[in-house]
Amino acid sequence: MKIERLQEAPVDFLTRLIRKEKNAGWSEEGAEGIVQFFTSHTDKFVYLGASEDTLAGVLAYEPETMHLALLGVDPAYRHQGCATALVDA
């Protein structure tokens with residue numbers, strides 16, 4: 001698994017991941033609110049991406065406070081150490 005700082009926010013990946021997540025406990029309206037927040041604040045965060053042949057997971061954090069804002073992994077790559085690799089990076 002390759003971990004690298006992304007040059008721009010992975011808006012399409014985040015939108016797809018947030019909208020299709022069923023186990024997070026948020027409503028469709030809640031998911032749309034999260035998508036809107038990240039798409040309107042893309043320059044506020046640093047994004048790390050985990051990939052093999054395609055983007056598998058993303059970690060977003062606020063650099064001044066080191067506040068973790070989002071950690072998401074595509075369901076096809078879960079339970080393979082992707083999130084752990086992103087947090088450890």
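Index from 1, following the sequence. Just so you know, these numbers come straight off a predicted model, no measurement behind them.
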Residues, nucleotides or ligands: over 12 heavy atoms within 6.0 Å of K2 NZ: no

Say whether [X] and [Y] are linked into one hydrophobic cluster, either directly or through other cluster members, by side-chain heavy-atom distances under 4.5 angstrom.
| X | Y | value |
| --- | --- | --- |
| V46 | L14 | no |
| V11 | I18 | no |
| V35 | L55 | yes |

Can you name the closest pair of heavy atoms from [X] and [Y] and give their distance?
| X | Y | answer |
| --- | --- | --- |
| L17 | V73 | CD1-O, 3.5 Å |
| D53 | Y77 | OD1-OH, 3.3 Å |
| T15 | T39 | OG1-CG2, 4.3 Å |
| F13 | A56 | CZ-O, 3.7 Å |
| I3 | A50 | CD1-CB, 3.4 Å |
| H41 | Y47 | O-OH, 4.3 Å |

Side-chain heavy atoms of D74 within contact of T54, under 4.5 Å: no

E52 and M1, any side-chain heavy atoms less than 4.5 Å apart: yes

From CA spacing to verdict: salt bridge (charged side-chain N to carboxylate O under 4.0 Å, His left out), R19, E32: CA-CA 7 Å; R19 286 182 177 159; E32 289 307 312; 2.8 Å; yes

Reported CG-to-CD distance for the pair L86 and E4, which is rounded to 0.5 angstrom: 11.0 Å

By ring pair (Phe, Tyr, Trp, His ring centres under 6.0 Å) - contacts of F38 (at least two apart): F45

